Amino acid sequence: MDVKNRKEEIPKLIESGLNNVKSLANHFGVSLMTIYRDVRELEKEGRLLRKHGELIIKSEGELQEESRDICTFCEKVVDKRLEFVYITSKNKKIKACCAHCGLLLYKNFKEDEIQSCITKDFITGNPISCFNAYYVLGTSVIPCCSPPVIAFARKEDAQKFKKGFEGIVATFEEAVKIIEDLMKRGQPVKLSL
């Protein structure tokens, strides 16, 4: 079965109870990575969610609500799994679609304007402080904007991810400088440190 047909079949199978990657891989007789790629595309299209290893079909209400959040930097629709949210001292939320855009937005704030900043750990999906996160920049995985930047709560997780998918690990301050430099060059650059 080709990718297009599998992607059309997956939501139906999830509704019938095959609601995890392993059961879908077994059903189609393909690898877990193949299903992960299909699921990632369906997530980007806004057709399903991954929560704690379970795949969930989005309702119409969820699709409409999600479409309201637009990235302040690049104007893409904000994916809740990757969002980067600054909360200003006036309690205003400034949203970015991913860590790439979130880091680039940082220079637009005065130091005392930001009350907090929240993003999500790439592995667990749990909320984390942007300022305390570790970032993998220039990875071969591109979940949103390029050059890619992925946030992790733990340095060890970021380093493990880097081993498998390339890039460099950086703190918030380091990541802001690196992404700004890459964007000034006008092209994605393969990173190695």
Side-chain angles (χ1 to χ4, degrees), residues 33 36-37 39-41 43-46 49-50 66-193:
M33 285 308 295
Y36 274 118
R37 278 191 291 271
V39 165
R40 206 172 357 207
E41 287 180 34
E43 284 178 304
K44 283 182 181 178
E45 293 169 12
L49 290 169
R50 261 189 292 182
E66 184 174 283
S67 68
R68 291 186 200 132
D69 290 333
I70 302 296
C71 178
T72 304
F73 192 80
C74 75
E75 299 183 350
K76 284 185 184 177
V77 173
V78 174
D79 179 338
K80 298 288 183 194
R81 296 172 311 118
L82 301 170
E83 73 181 350
F84 203 96
V85 182
Y86 288 103
I87 301 167
T88 69
S89 52
K90 295 180 182 178
N91 270 344
K92 184 177 178 186
K93 290 183 179 180
I94 310 293
K95 294 188 177 188
C97 60
C98 61
H100 165 102
C101 289
L103 293 170
L104 289 169
L105 274 175
Y106 183 68
K107 67 182 175 194
N108 296 320
F109 294 102
K110 295 176 186 164
E111 194 171 315
D112 61 344
E113 268 186 295
I114 301 170
Q115 181 180 343
S116 65
C117 181
I118 305 295
T119 191
K120 294 190 179 163
D121 179 86
F122 190 72
I123 294 174
T124 65
N126 292 331
I128 57 174
S129 166
C130 301
F131 303 121
N132 297 327
Y134 294 92
Y135 299 89
V136 179
L137 294 92
T139 174
S140 60
V141 174
I142 304 175
C144 196
C145 297
S146 185
V149 181
I150 300 175
F152 295 88
R154 296 173 358 115
K155 187 174 186 177
E156 298 80 23
D157 292 337
Q159 289 170 331
K160 286 178 187 175
F161 189 86
K162 173 196 166 199
K163 278 185 183 177
F165 299 100
E166 302 173 338
I168 62 164
V169 176
T171 63
F172 180 85
E173 293 82 13
E174 294 166 339
V176 167
K177 289 176 186 167
I178 292 167
I179 196 71
E180 286 178 353
D181 184 50
L182 289 174
M183 295 306 287
K184 283 178 189 171
R185 294 182 199 180
Q187 60 184 350
V189 176
K190 191 145 185 148
L191 300 171
S192 60
L193 284 182

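Note that this is a predicted model, so its numbers are computed, not measured.
In terms of heavy-atom proximity, C145 sits nearest to K76 at SG-NZ, 3.5 Å. Shown here for C130 and T119, the closest heavy-atom pair between the two residues is SG-N, 3.6 Å.
From I142, atom CD1 reaches atom CD1 of I150 across 9.0 Å, with rounding to the nearest 0.5 Å. Once rounded to the nearest 0.5 Å, the distance linking CG of L49 with CD of E43 reads 7.0 Å. The line from CD of E166 to NZ of K162 is 10.0 Å long, rounded to the nearest 0.5 Å. Rounded to the nearest 0.5 angstrom, D79 CG and C71 SG are separated by 11.5 Å. For the atom pair OG of S116 and CD1 of I87, the computed distance is 3.5 Å after rounding to the nearest 0.5 Å. F109 contributes atom CZ, which lies 8.0 Å from atom SG of C117 (distance to the nearest 0.5 angstrom).
In this structure the side chain of V136 never reaches within 4.5 angstrom of the side chain of I168, judged on heavy atoms. At a threshold of 4.5 Å between non-hydrogen side-chain atoms, the residues R81 and K120 do not count as touching. Counting only heavy atoms from C-beta outward, the side chains of T88 and I114 never approach each other to under 4.5 Å. Side-chain contact between V149 and I179: present, with at least one pair of heavy atoms (C-beta onward) separated by less than 4.5 Å.
No more than 12 heavy atoms of other residues, nucleotides or ligands lie within 6.0 Å of OH in Y36, so this atom counts as exposed by the packing criterion.
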Side-chain donor-acceptor distances from residues 89-106 under 3.5 Å, at least two apart:
from, atom 1, to, atom 2, distance (Å)
K95, NZ, D69, OD2, 3.1
H100, ND1, P147, O, 2.9

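Aromatic ring orientation, F131 versus F172: perpendicular (interplanar angle above 60°, classes split at 30° and 60°).
With hydrogens and angles ignored, the 3.5 Å screen pairs a side-chain donor or acceptor of S140 with a backbone N or O of F165. Of the possible polar contacts, none joining the E180 side chain to the K177 backbone as a donor-acceptor pair under 3.5 Å is found.
No salt bridge links K110 with D112; every basic N to acidic carboxylate O contact stays at or beyond 4.0 Å.
With F152 as the fixed residue, the ring pair (Phe, Tyr, Trp, His ring centres under 6.0 Å) test singles out one of F161, Y135, Y134: F161.
Applying the salt bridge (Lys or Arg N to Asp or Glu O under 4.0 Å) rule to D121 yields no partners; only residues at least two apart in sequence or on another chain are considered.
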